[in-house]
Number of protein chains: 2
Amino acid sequence: MLDAKTNDPLELGALAGLLGYRLRLAQQAVFRDFAASVGEVSPGRAGMLLLVEANPGVTQGSLARAVRLERSTMVGVIDALEARGLIERRRGADRRTKGLWLTRPGRAFVARLKRRIDSHERRVASHLSVLEREQLLGLLAKLAAR
Amino acid sequence: MLDAKTNDPLELGALAGLLGYRLRLAQQAVFRDFAASVGEVSPGRAGMLLLVEANPGVTQGSLARAVRLERSTMVGVIDALEARGLIERRRGADRRTKGLWLTRPGRAFVARLKRRIDSHERRVASHLSVLEREQLLGLLAKLAAR
DNA sequence: TATTGTTATACTCTATAACTATA
DNA sequence: TATAGTTATAGAGTATAACAATA
């Protein structure tokens, strides 16, 4: 780890070989590129929009479990996306539930989002070969499999 | 991605092959294990303690740059670690700076921390071979190199 | 009784802008 | 003028606990 300003080297000590530390640095780098190049919506919110696109009518609770948020947290998140006109709640067959759907503007937004995410992904992976990227995705999935 | 409660499969859609998505899931898994098994201090704070241990007398600003936090954010972080009696500020040769040092209890705390982190690391990497773990660390470093 | 969405509330982590003391 | 630490303030993002409607 280099001190970004003075280039004083800072000893990493016990930190050097820890997966959690390397994961955090990598994720910071990727998220920083996402914010700069995709913008408009955070990585987490973008992921939710992609999940609603792939699972039209998904209930709030089901989406919350998928992204590991509390149901109560999801309320505000959906409120915000609904206020931006990107998704809408519809009454489900089970009248306790609310199904989530992309609005027409929401679908256009997600289409644009996907194009930007594509070029973001290419830029982020530009230092990796195709094989290395596949290896990395596989190892990450293995690590996350609990 | 499985819905954790009902086992309804949720389609991942465009999310499936994104490095940022896989990074986030992997990091969540690792941090959850850290919280459950190391506890007492968050991964980020633990990292700072390890950096102070490896760089006695490091200034607040230098540490802030190393972990990519604002100087102003670092103030409160150090306040909290100081209030817990783990580190102390000492006046530097340049009298604008404050050097950071582990206290005696802080050194004991970090020693215990390192033992817990070791077993945490082994558990997290338990699904990976030694070679796979090395590959993963290397690929993550490559990804984070901007 | 159990589940879904909701509200009220609070906590953690972080940033920006303006200040002070030194350099 | 520039830098290190500081303060005040604000904004994401998240959680817990209690509640109403529905199953």
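First the proteins, then the strands, lettered A, B, ... as listed; each starts at 1. Since the model is a prediction, treat every value here as computed from it, not as a measurement.
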Q: Without swapping roles, check the side chain of B/S62 against the backbone of B/V58 for a donor-acceptor pair under 3.5 Å.
A: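 Checking the backbone N and O of B/V58 against the side chain of B/S62, no donor-acceptor pair under 3.5 Å is found.
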Q) Under a 4.0 Å heavy-atom cut-off, which of residues 36-47 of chain B touch DNA chain C? A)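 Per residue number, the list reads B/S42, B/R45.
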Are [X] and [Y] within salt-bridge range, i.e. N to O under 4.0 Å?
| X | Y | answer |
| --- | --- | --- |
| B/E121 | B/R123 | no |
| B/E132 | A/K142 | yes |
| B/E82 | B/R89 | yes |

Spacing of [X] atom [atom1] and [Y] atom [atom2] [to the nearest 0.5 Å]:
| X | Y | atom1 | atom2 | value |
| --- | --- | --- | --- | --- |
| A/R45 | A/R84 | CZ | CZ | 10.5 Å |
| A/L50 | A/K114 | CG | NZ | 7.0 Å |
| B/L18 | B/L23 | CG | CG | 10.5 Å |

Q: Taking the side chain as every heavy atom from C-beta outward, state whether A/L49 and A/F109 have any atom pair closer than 4.5 Å.
A: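 Touching, per the 4.5 Å side-chain cut-off.
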Q. Quick one: which of B/T73, B/V77, B/D79 gives a side-chain contact (heavy atoms from CB on, under 4.5 Å) with B/V75?
A. B/D79
**Q.** Position toward the 5' end of DNA chain C (nearest nucleotide), A/G99 or A/R24
**A.**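 With A/G99 and A/R24 compared, the 5'-side residue is A/G99.
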Q | Contact summary for B/G85 and B/T103, nearest pair of heavy atoms | A |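 Reported closest heavy-atom pair: O-OG1, 2.6 Å.
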Q: Check A/R116 against A/V38 and note the closest heavy-atom contact, atom names and distance.
A: NH1-O, 3.3 Å
In whole angstrom, what separates [X]'s [atom1] from [N]'s [atom2]?
| X | N | atom1 | atom2 | result |
| --- | --- | --- | --- | --- |
| B/K98 | D/dT3 | NZ | P | 19 Å |
| B/L69 | D/dA4 | CG | P | 16 Å |
| B/M74 | C/dT16 | CE | P | 15 Å |
| A/R68 | D/dG13 | CZ | C1' | 17 Å |
| B/R90 | D/dG5 | CZ | P | 15 Å |

Q) What are the residues of residues 75-88 of chain B, sorted by number, that bring a heavy atom to within less than 4.0 Å of DNA chain D? A)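 Contacts with DNA chain D under 4.0 Å: B/V75.
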Under 3.5 Å, N/O pairs linking protein and nucleotides 16-23 of chain D:
unit_1	atom_1	unit_2	atom_2	d
D/dT16	O4	A/S72	OG	2.8
D/dA23	OP1	A/R95	N	3.1

